[in-house]
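Input: a single structure, listed below in structure tokens.
Please read these numbers as outputs of a predicted model, since none were measured by experiment.
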Amino acid sequence: MQQKGAIQIIEWEDLDKRKFYSLGVFMTLTTRATVYPASLIRTRLQVQKGKTLYSGTFDAFCKILRAEGVRGLYRGFMVNTFTLISGQAYITTYELVRKYVSQYSPSNTVKSVVAGGAASLVAQTITVPIDVVSQHLMMQGQGEHLTRFKPKPKMMLATTKRRLTFGQTRDITVQIFAADGFKGFYRGYVASLLTYIPNSALWWPFYHFYAGKSFSRVCSPSECPHLILQAVAGPMAAATASTITNPMDVVRARVQVEGRSSVIETFKQLLAEEGVWVMTKGLSARIISSTPTSVLIVVGYETLKRLSLRAELVETRHW
């Protein structure tokens with residue numbers, strides 16, 4: 001087990017993998033359920049033209065809740081839970097690459113950058129098809145006119161009223177395949193890589209920087225509780241990385257929802273139509289969603305690793 005500043009780092013070889021994966025699925029699902037409404041709001045803000053639907057994050061939250069109810073904030077959530085697979089792939093890749101890079105560099109920053117980037121590459125390859133479907137479902141309701149695909153309306157026999165039933169993943173999936181073929185599920189793949197690889201590669205170094213360096217000027221490791229350092233450093237790292245990568249995230253959302261094909265052309269068109277401020281669309285919602293995610297990832301992930309320590313190492317590890 002390594003130590004970086006005030007942060008104890010439990011390495012891959014110290015873990016009981018069965019405990020690690022079992023608890024990891026629960027942690028990932030809890031995280032996604034917590035931040036999903038903010039992710040949905042972010043997507044709608046990024047895809048809308050100007051401010052035709054919502055003026056901001058809070059306005060979007062109020063309007064969706066009033067018009068569509070709590071269910072409206074969770075459109076597409078069920079299909080999005082399949083990203084649990086990519087979450088476990090991310091964690092595994094991150095830990096294994098860290099272990100591999102440690103053979104060539106003792107620097108925790110180098111290990112975090114390389115491992116974070118590699119983990120995002122693997123995770124996005126799994127996630128993008130799920131994201132493409134779930135984002136079209138997110139846009140239903142008040143934003144349905146902005147998406148190419150819509151679930152089919154069904155007759156509710158009990159009431160004989162025509163009602164659109166959302167969350168119809170099969171309808172959206174069939175429509176995407178009919179329109180674009182298999183490649184339609186990987187629309188925006190390059191934009192996703194350009195968003196999430198840098199985001200992950202930046203998040204981990206910033207996290208270690210804020211926790212290991214910035215707070216050392218304020219208090220010593222013995223004075224600052226370990227979990228407080230983590231809970232503060234995580235959101236700060238997320239806000240920094242999200243701000244830097246948000247322009248590409250806006251482009252990614254437009255490419256996937258509107259069916260655009262060129263990242264560069266989409267970027268140019270967005271600048272021409274809505275100006276440079278279009279690159280900040282959904283940023284506050286993204287930071288809001290990344291803050292609890294970061295706390296859960298850092299505090300929860302480190303706690304998960306502690307709970308997953310191999311039995312013979314428990315007595316030799318102290319916090």
Side-chain angles (χ1 to χ4, degrees), residues 29-83 130-176 179 187-188 242 246 249-260 270 273-275 277-293:
L29 182 60
T30 302
T31 302
R32 294 193 186 283
T34 302
V35 305
Y36 192 81
S39 297
L40 181 143
I41 290 170
R42 179 196 71 192
T43 297
R44 291 197 182 185
L45 289 173
Q46 290 177 337
V47 173
Q48 71 172 350
K49 305 291 185 182
K51 295 185 177 181
T52 53
L53 280 176
Y54 314 111
S55 61
T57 301
F58 183 71
D59 181 57
F61 176 79
C62 292
K63 286 182 177 177
I64 293 171
L65 195 61
R66 185 166 55 249
E68 304 174 42
V70 174
R71 184 181 178 186
L73 294 169
Y74 280 90
R75 295 191 187 278
F77 177 71
M78 292 306 296
V79 66
N80 193 262
T81 58
F82 285 102
T83 56
I130 301 170
D131 271 350
V132 169
V133 176
S134 67
Q135 284 189 125
H136 282 291
L137 290 168
M138 286 179 180
M139 294 304 298
Q140 303 306 311
Q142 292 179 326
E144 63 182 23
H145 62 285
L146 297 174
T147 179
R148 295 189 300 156
F149 308 114
K150 302 174 181 64
K152 296 176 182 178
K154 294 185 177 181
M155 294 296 295
M156 304 299 290
L157 298 179
T159 60
T160 67
K161 292 181 179 179
R162 200 164 188 262
R163 176 183 172 187
L164 192 62
T165 303
F166 297 104
Q168 297 179 356
T169 305
R170 181 180 177 278
D171 288 346
I172 296 293
T173 302
V174 169
Q175 290 177 49
I176 292 173
R187 187 175 295 279
S242 295
N246 196 69
D249 193 44
V250 175
V251 173
R252 175 197 62 79
R254 289 295 182 92
V255 168
Q256 291 181 334
V257 175
E258 296 180 354
R260 301 175 186 238
L270 288 175
E273 291 178 353
E274 302 184 48
W277 289 107
V278 71
M279 295 299 123
T280 65
K281 272 192 166 185
L283 178 58
S284 58
R286 193 171 179 216
I287 291 175
I288 289 171
S289 68
S290 68
T291 297
T293 300

Taking every non-hydrogen atom, the tightest pair across [X] and [Y]:
X	Y	result
Ile130	Asn80	CG2-CA, 4.0 Å
Val35	Ser289	CG1-O, 3.2 Å
Leu45	Ala60	CD2-CB, 4.4 Å
Ala285	Thr57	N-OG1, 3.4 Å

Checklist line | ring-ring contact (aromatic ring centres under 6.0 Å, His included) partners for Phe77, two or more places apart | finding: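 For Phe77, the residues satisfying ring-ring contact (aromatic ring centres under 6.0 Å, His included) (neighbours in sequence not counted) are Tyr36, Tyr74.
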Note to self: Looking only at the side chains, is there a donor atom on one of Thr83 and Arg32 sitting less than 3.5 Å from an acceptor on the other?
What the structure shows: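 The criterion, which ignores hydrogens and geometry beyond distance, is satisfied for Arg32 and Thr83.
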Next item on the list: Identify, with sequence neighbours excluded, every residue that meets salt bridge (Lys or Arg N to Asp or Glu O under 4.0 Å) alongside Arg254.
Entry: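 Partners of Arg254 under the salt bridge (Lys or Arg N to Asp or Glu O under 4.0 Å) test: Glu258, Glu274.
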Examine distances only and state if a side-chain atom of [X] and a backbone atom of [Y] form a donor-acceptor pair shorter than 3.5 Å.
X	Y	result
Asp171	Lys150	no
Gln135	Ala253	no
Gln48	Leu53	yes
Lys281	Gly50	yes

Decide yes or no for [X] and [Y]: does some side-chain heavy atom of the first lie under 4.5 Å from some side-chain heavy atom of the second?
X	Y	value
Arg148	Ile176	no
Ile64	Leu40	yes
Met139	Val47	yes

Checklist line | Pair Asp249 + Arg42: basic N to acidic O under 4.0 Å | finding: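 Counted as a salt bridge, because a side-chain N and a carboxylate O are separated by less than 4.0 Å.
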What's the spacing between [X] [atom1] and [Y] [atom2] if we round to 0.5 Å?
X	Y	atom1	atom2	answer
Thr147	Met138	OG1	CE	12.0 Å
Glu144	Leu146	CD	CG	9.5 Å
Met279	Gln46	CE	CD	10.0 Å
Ser39	Ile288	OG	CD1	11.0 Å
Ile172	Leu137	CD1	CG	5.0 Å

Next item on the list: Apply the side chain to side chain donor-acceptor pair (under 3.5 Å) test between Arg75 and each candidate in His136, Gln140, Glu68; give the one that qualifies.
Entry: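 With Arg75 as partner, His136, Gln140, Glu68 yield a single side chain to side chain donor-acceptor pair (under 3.5 Å), made by Glu68.
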Margin query: Test of understanding: with side chain to side chain contact (heavy atoms under 4.5 Å, CB included), list the residues that count as partners of Thr291, not counting sequence neighbours.
Written below: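 Thr291: side chain to side chain contact (heavy atoms under 4.5 Å, CB included) contacts with Pro235, Ile287.
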